[in-house]
2 protein chains.
Amino acid sequence: MSQTRRRRGDGEFTFTEAARREQIIGLTIDLIAEHGLARTTLARIAEAVGVSNAAVLYFFGSKNAVIQEAVQRVLTGVVDAIAAAIAEASTAREGIDAYVRALVGHMAAHPTHVRVVIEMLTSDIPVASEALTEAGSRQPPRWRPLADLIERAQLDGDLRALDARTTAIALSGAIDAVFAESLTDPDYDLTAAVDTLLDLFDRATSRDPCRQDDRARE
Amino acid sequence: MSQTRRRRGDGEFTFTEAARREQIIGLTIDLIAEHGLARTTLARIAEAVGVSNAAVLYFFGSKNAVIQEAVQRVLTGVVDAIAAAIAEASTAREGIDAYVRALVGHMAAHPTHVRVVIEMLTSDIPVASEALTEAGSRQPPRWRPLADLIERAQLDGDLRALDARTTAIALSGAIDAVFAESLTDPDYDLTAAVDTLLDLFDRATSRDPCRQDDRARE
DNA sequence: GTCTATATGACGATAGAC
DNA sequence: GTCTATCGTCATATAGAC
């Protein structure tokens, strides 16, 4: 909160400081993923780095700040992966599919990062909510990119008229729930579930209720 | 975990003990709803009850146990409300609508209880995950009742063939996300959102893709 | 500029007096 | 049954060594 720390120009770091920060948040992500947020104390982070308790607080103002940085790092990775996937899609309608598959694919490919997010949402320590809230409040709402894609697809005539915000929120929630289930039950077929999800979404939002496959028409 | 506490027959309580327990979990729910889980310390619960720190721990083995009881109480209320709503529906297909509306309606009608659940999911203390997990692990998965309704509706011929589990999980996740949004943004129209959600679900799962209203046919 | 040592205070929990 | 210590662990604050 207070951050009474020294700054050079504005947000610049020493070489050693940048390296230390990297090391600290990297190890913090590992610790959270491996032992959960509850057991990831400041002392344990410091021990993993090999410095004293206070040394960590020297670089980050608080333990909260460390966790927030770690979460921020993870979220940025997801956002970048999705942005790249959307950029490759030729239409907004295809972008929606790309969005969903990129999100699930990235989460499946980076279980460590997923574990961090899950820990933030479901687990313990009095820092989780703040970390997620503060990390999120600096950015537009999570459903914004999806809602934009949906609105563009509607303008293209590929999707029927529907509240884009609610549709985006519902799809996001459905994705999260399906993915969470795949973590709870290893036997749950995530790939098949995502296909089912996209099938549901396709039917729910398609403009023409009487067709089997939109793309086969043109 | 350990629960090294005295038990009479098996899970029976004295009159005064039962009263104290009631008092404690009632005040705990209020405290969580009002100040959040992070600020609901053992000391504050004891203060609200008017006894010492350790007296609370005498009745419940740990602070965790208190929170778990409070959560259990809240969850039971939701489950009962939904069960009652489903029982009134004449078909499984209508039961699904009733399920969704009962869930959202109950949450909207009991903001205090909702706040407790939200606190468990998004907020702080190292007890939240355990409380939810343990409260949940004693019961079938959350999507089970919905999946049963979906399967029955499929047998009735009202829903197309789809993985009932994934469909139920997706719908549950969508409901949660929409409701969470309504808490974040008071201007968000929850009623309209639920209608949109049910419309999406109806289109996504209806057996005949070329009809406007299933019930008008027969 | 980087870090250690040490202190403080809040918390959950336990033991034992009454 | 309830309270009064008391303990261990946590995040954090301060002073100052190098």
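Quick caveat, the model's predicted, so the values are computed rather than measured. Chain letters run A, B, ... following the sequence lines, proteins first and then strands; every chain starts at 1.
Evaluation of the salt bridge (charged side-chain N to carboxylate O under 4.0 Å, His left out) rule for B:D199 yields A:R160 as partners, not counting sequence neighbours. Residues satisfying the ring pair (Phe, Tyr, Trp, His ring centres under 6.0 Å) criterion with A:H106, sequence neighbours excluded, are A:H110. Applying the side chain to side chain donor-acceptor pair (under 3.5 Å) criterion to B:R101, with sequence neighbours excluded, gives B:D195.
Between B:K63 atom NZ and D:dC10 atom C1' there is a gap of 13 Å when expressed in whole angstrom units. To the nearest angstrom, P of D:dT12 lies 10 Å from CD1 of A:I45. Between A:E47 atom CD and C:dT4 atom C1' the separation is 16 Å, expressed in whole Å. In this entry the distance linking CZ of B:R39 with P of C:dC11 reads 11 Å, nearest Å. Between A:I67 atom CD1 and D:dT12 atom C1' the separation is 15 Å, expressed in whole Å. Here the P atom of nucleotide C:dT2 and the CZ atom of A:R21 are 11 Å apart, to the nearest Å. Regarding A:L57, its CG atom lies at a distance of 15 Å from the P atom of C:dA5, rounded to whole Å.
Non-hydrogen atoms lying under 4.0 Å from DNA chain C are contributed by nothing in residues 22-31 of chain A.
Looking only at distances, a side-chain donor or acceptor of B:Q154 sits under 3.5 Å from a matching main-chain atom of B:L162. Between the side chain of B:T91 and the main chain of B:E94, a donor-acceptor pair closer than 3.5 Å is present. A donor-acceptor pair is defined here as one N or O able to donate and one able to accept, closer than 3.5 Å; such a pair exists between the side chain of B:T41 and the backbone of B:R44.
Between B:E22 and B:R73 a salt bridge is recorded (basic side-chain N to carboxylate O distance below 4.0 Å). We find that B:D148 and B:R152 are not joined by a salt bridge, their nearest charged nitrogen and carboxylate oxygen being 4.0 Å or further apart.
Side-chain proximity of A:A55 to C:dT2, C:dT4, D:dC3: nearest is C:dT4. The nucleotide whose nearest atom lies closest to any side-chain atom of B:T14 is, among D:dT12, C:dA13, D:dG1, D:dG1.
Regarding contacts with the backbone of C:dA5, every side-chain N or O of A:S52 stays at 4.0 angstrom or more from both OP1 and OP2. Not one side-chain nitrogen or oxygen of A:R20 sits closer than 4.0 Å to the OP1 or OP2 atom of C:dG1. Distances shorter than 4.0 Å separate none of the side-chain N or O atoms of B:Y58 from OP1 or OP2 on D:dT2.
In this structure, B:I67 and B:L37 have side chains that are in contact, with non-hydrogen atoms separated by less than 4.5 Å. Side-chain contact between A:T40 and A:E34: absent, with no pair of heavy atoms (C-beta onward) separated by less than 4.5 Å. Put simply, the side chain of A:V178 reaches to within 4.5 Å of the side chain of A:Y188, judged on heavy atoms.
Along DNA chain D, the nucleotide nearest B:V51 and the nucleotide nearest A:A43 are compared for position; the residue whose nucleotide lies closer to the 5' end is B:V51.
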I'd like a table of atom pairs between the protein and nucleotides 7-10 of chain C - only N or O on both sides, under 3.5 Å - with the distance next to each one.
none

Taking only nitrogen or oxygen atoms into account, show me every contact under 3.5 Å that the protein makes with nucleotides 5-7 of chain D, one pair per line with its distance.
none

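In this structure, A:Q23 places its CD atom where more than 12 heavy-atom neighbours from other residues, nucleotides or ligands lie under 6.0 Å away.
Heavy atoms of B:L42 sit under 4.0 angstrom from primed sugar atoms or phosphate atoms, though from no base atom.
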